[in-house]
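See structure below.
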Amino acid sequence: MSAVESTDVLVIGSGFGGAIAAYHLAAGGARVVVLERGPWLTADEFDHDFKLGSSYTRIFDFTIGDGMSVLSGNCVGGGSVVYFATMPRAPRFVFERQGSIGRRMWPASITRDTLDPWYDRVSEALPVTQQSWDRIPYGGGLWAAACHHAGRTANPAPSAVDVAECVNCNWMAAGCKFDAKKSLLLNYLPGAVEHGAEIRPLHEVQHLSRNDDGSYRVHYRIVDGEDYRILHDEGAIDAQIVVLAAGTAATPVILQRSEATLGPMPHAVGRYFSGNGERLNTAVFDEEKVRDVLGLSRGDGVAYEAYQIGRGPTVASWDRLDGSLPEYERYSLEQLYFPPGLGTILAQAADAAGPTWFGVEKKEMLRRWRSWLTIFTMSEDDNEGVFGPPPETGAATRFSQQMLGHSSLTYRPTANTRRGWELSDADVKDILERDGLATVTPWTNDVVGAYTVHPLASCRIGDDPATSALDDRHELRDHPGIFVTDGSAVPGALTVNPALTISALAERAMPGIVQAAQRRGVAVTYVGDLPKPVASSRVPARHR
Amino acid sequence: MQPDFPEATDPTSMTLEAFADTIIPGEKRHRHDHAVAGVSAGGGAVASGALELLRHPAGGLADSLDGLAMMLNGHTQQYAAERGLALADDLPPFVALAFADRTALVAQLTGVDHPEKALWVGMALFSNMAFDSAAHLSTPDALRDGHPGLLSIGYTAPDADGAWRFPRFSYGRALADIHPNTTPTGSPA
């Protein structure tokens, strides 16, 4: 083992929670080291390619648990590099949710009103912009037209994509080679580096221990750059403050593994996981009906056939985001593109006499892929996910060289969760099967369980120590100096895409983390400015 | 056109091909093709390169394939015995099954409570990926060479530099009313 290094603040993970912390702490004068388990890629290295070993498999993790599979980022920039950049604020009622615990899940200090200024900051920094109909891709337009036909409303959703630079290639999950998607590689991370933060890719934190002086030692292994199943040298870094932002599927695992050295963890570490109530339906459209019923035409005689074209989800229907409806019956419905492979295997052929997700009828459904549209439900689940004992290393047992692995997560959807899914399934069917527009089927949960691209709440904030791992300042209960700022800190499902809320919570936590660092003797102040956007993700490469 | 894949003759490969063909079926490559049942027009998972993908060292299944084929044939013998089915003895048992029985057996093995479910779902996932994303090939190359799966789903070819761009992408007009409680920042209230 090499000599133990030392820094003021050690940040684990470089997604929204880690990048925002790295920026503010470095800008305030602290020495900051960021350890990221994944590689550091920039625009030149983002491939339009499904081949194993391309950026698509290098920067993405798909971990299969028992009843729940999770997609997450695995690279410098984390989820911001692979996500679809849809950035709505969470509706007001979300903050009043009680979920499974019979009391308000969120800390009393957080409401939509108190979070709005922090939403504003992130929206300015990335930036997030409102979208206009004239640049909404065909898939979003089709969803909007179908909603309108059914008497529903539909909104172009706020986005962190600069649509003037976007070519609508729908390769967002492989990283944006045009830097049109304003990932953290274009704002907070170069800002942090500019202020002296050091980002180390392919450093996977395994566990933490406590030093006699109350500081922490962070133990990592170097991950092989090609075969992530292989771990190389180990090392350790001491820090006064640890900001844990390894992602909802990894943060609790690191803490569970650290129990042997840190002592007991709060009960809520690795519990109350939420899949954001996510559910997917696949519609296969009748092109003639799209033209005749909805009056849509691309101008070349084709009505739609445009599943491949666009930039992920762009239009959402928020009619069921109604605070007067009972909990578990509120959800948003968002049009979505999902790439082939992971985006087709779970789709079910409608009215199949044989199996629905494979076989003859599934192949016939695949032949009509260009006329597909995925509708994405984000609802209110019951925080029913629990992480089992941690694997020997990492957050999951890696199965493939990259991307695929098995996690210890167990998720058994309750009747509440299933009710939301059933209501939304029926709603999507009602909207899209009117007048024979499309046939609609939900993705099967029988193959890899339910499926989320927005894992949340596995190490959450709250006021009740029995049901929250963190206090409302994001400090880990009974372990002062450890803060958690990623999606795991969000108390529960948000009914919308969560990245802006995760980021706003991280921004909100920063003044408190700076104060904690000061109390531990770190020379740091909370400046409170925002990073200057950079035009190209290639800029920080010189620091790599 | 279909890429010229060498036809498997060893029992393991034939068994794996028959499994992949059950996931995404295709047409027979020739009159005496046993592994591919021939229940669907056009190339399926096998013609799309399922074996190549399953054997790809990055995938994670390559070292297990002999064992998986043996297990699959073992399950087939049990399946056939339970139903009194006679299997041709010059073919691997799974290959000797009729397509409907292959399908029924794969449905069992990937069923919710099957103890080996994770293995067979993994095999199915890679078979599907061979067809609709050609994960063993560079995507632009696969399209250029006429990959049957990518062509079947209608995946378009990239620009000359291997990148996709869609300059025409929008109906260009408002197609719905926005929600009345939308905030000035474009979010739900």
Side-chain angles (χ1 to χ4, degrees), chain A residues 48-53 64 88-89 91-92 123 130-131 133-138 141 144-145 147-148 152-155 157-158 167-169 171 177 296 298 308-310 318-319 321 339-341 344-345 354-355 358-360 362-363 366-367 369-370 399-402 404 406 446-448 496, chain B residues 22-25 39-40 44 53 56-60 103 106-107 110-112 118 121-122 124-125 128-129 131-140 150 152-156 158 162-183 185-189:
Chain A
H48 284 188
D49 208 320
F50 295 123
K51 188 178 184 182
L52 300 180
I64 301 171
R89 301 178 188 210
R92 182 169 297 273
S123 300
Q130 292 196 57
Q131 304 298 308
W133 287 111
D134 60 324
R135 299 187 72 84
I136 289 295
Y138 296 121
C147 286
H148 185 68
R152 304 297 187 86
T153 69
N155 284 45
V167 301
N168 293 287
C169 66
W171 279 98
K177 71 192 289 125
L296 294 179
R298 288 167 50 177
Q308 190 183 337
I309 302 171
W318 293 333
D319 293 324
L321 297 186
T344 57
I345 181 83
F358 70 91
V360 176
K362 178 63 179 286
K363 185 183 177 189
L366 284 164
R367 288 190 208 273
W369 182 77
R370 286 193 292 189
F399 171 74
S400 297
Q401 184 173 292
Q402 298 162 2
L404 297 177
H406 291 106
D446 293 340
V447 178
V448 291
V496 294
Chain B
T22 309
I23 301 303
I24 304 287
V39 299
S40 173
L53 181 56
H56 197 294
T103 300
V106 170
T110 55
V112 174
V121 164
L125 180 62
N128 183 71
M129 277 166 55
F131 180 77
D132 77 359
S133 45
H136 54 301
L137 300 169
S138 151
T139 310
L150 289 174
S152 283
I153 70 168
Y155 206 84
T156 64
W164 277 261
R165 297 173 186 81
F166 295 101
R168 293 168 62 109
F169 62 91
S170 178
Y171 295 116
R173 59 193 165 98
L175 289 161
D177 299 321
I178 66 166
H179 194 281
N181 293 333
T182 305
T183 68
T185 62
S187 277

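Every chain is numbered from 1 and lettered A, B, ... according to where its sequence line falls, protein lines coming before strand lines. Just so it is clear, the model here is predicted, and its values are computed rather than measured.
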Measure centre to centre between the rings of Tyr171(B) and Trp133(A), then say whether the value is under 6.0 Å.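 Between Trp133(A) and Tyr171(B), which both carry aromatic rings, the centre distance is not below 6.0 Å.
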Looking at Ile153(B) and Asp132(B), what are the two nearest heavy atoms and their distance?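 Looking at all heavy atoms of both residues, the shortest contact is CD1-O, 3.7 Å.
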Can you tell which of [options] has the highest number of heavy-atom pairs within less than 4.5 Å of chain A?
options: Gly162(B), Ala134(B), Pro25(B); answer: Pro25(B)
options: Pro140(B), Ala163(B), Ala107(B); answer: Ala163(B)
options: Val112(B), Ile23(B), Thr110(B); answer: Ile23(B)
options: Gly172(B), Gly44(B), Gly111(B), Ala58(B); answer: Ala58(B)

Below 4.5 Å from any heavy atom of chain A, which atoms of [X] appear? Answer side chain, backbone, both or neither.
X: Pro158(B); answer: neither
X: Tyr155(B); answer: both
X: His56(B); answer: side chain
X: Ala189(B); answer: backbone

Pick from [options]: which one has the most heavy-atom pairs with chain B under 4.5 Å?
options: Arg367(A), His148(A), Lys362(A), His48(A); value: His48(A)
options: Trp369(A), Phe358(A), Tyr138(A), Trp171(A); value: Tyr138(A)
options: Gly341(A), Pro88(A), Ser123(A); value: Gly341(A)
options: Pro91(A), Cys169(A), Pro340(A); value: Pro340(A)

Closer than 3.5 angstrom, by distance alone: can the side chain of [X] be matched with the main-chain N or O of [Y] as a donor-acceptor pair?
X: Ser187(B); Y: Thr183(B); result: no
X: Thr139(B); Y: Asp49(A); result: no
X: Arg168(B); Y: Arg298(A); result: yes

Taking atom CG of Leu366(A) and atom OG of Ser152(B), what is their separation to the nearest 0.5 Å?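 It is 8.5 Å, given to the nearest 0.5 Å.
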Can you find a side-chain donor-acceptor pair between Thr156(B) and Gln308(A) that sits under 3.5 Å?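 A donor-acceptor contact under 3.5 Å links the two side chains.
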Test item: side-chain donor near acceptor, Asn128(B) and Thr344(A), under 3.5 Å: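 Judged by distance alone, the side chains do pair up.
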Against chain B, label [X] side chain, backbone, both or neither, depending on which of its atoms sit under 4.5 Å from a heavy atom there.
X: Trp318(A); answer: both
X: Leu404(A); answer: side chain
X: Leu321(A); answer: side chain

Which residues satisfy the side-chain hydrogen bond (donor to acceptor under 3.5 Å, both in side chains) test with Thr182(B), sequence neighbours excluded?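 Counting only residues at least two positions away or on another chain, Thr182(B) forms a side-chain hydrogen bond (donor to acceptor under 3.5 Å, both in side chains) with Asn155(A).
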Could I get the full list of side-chain hydrogen bond (donor to acceptor under 3.5 Å, both in side chains) partners for Lys363(A), not counting sequence neighbours?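 Partners of Lys363(A) under the side-chain hydrogen bond (donor to acceptor under 3.5 Å, both in side chains) test: Ser40(B).
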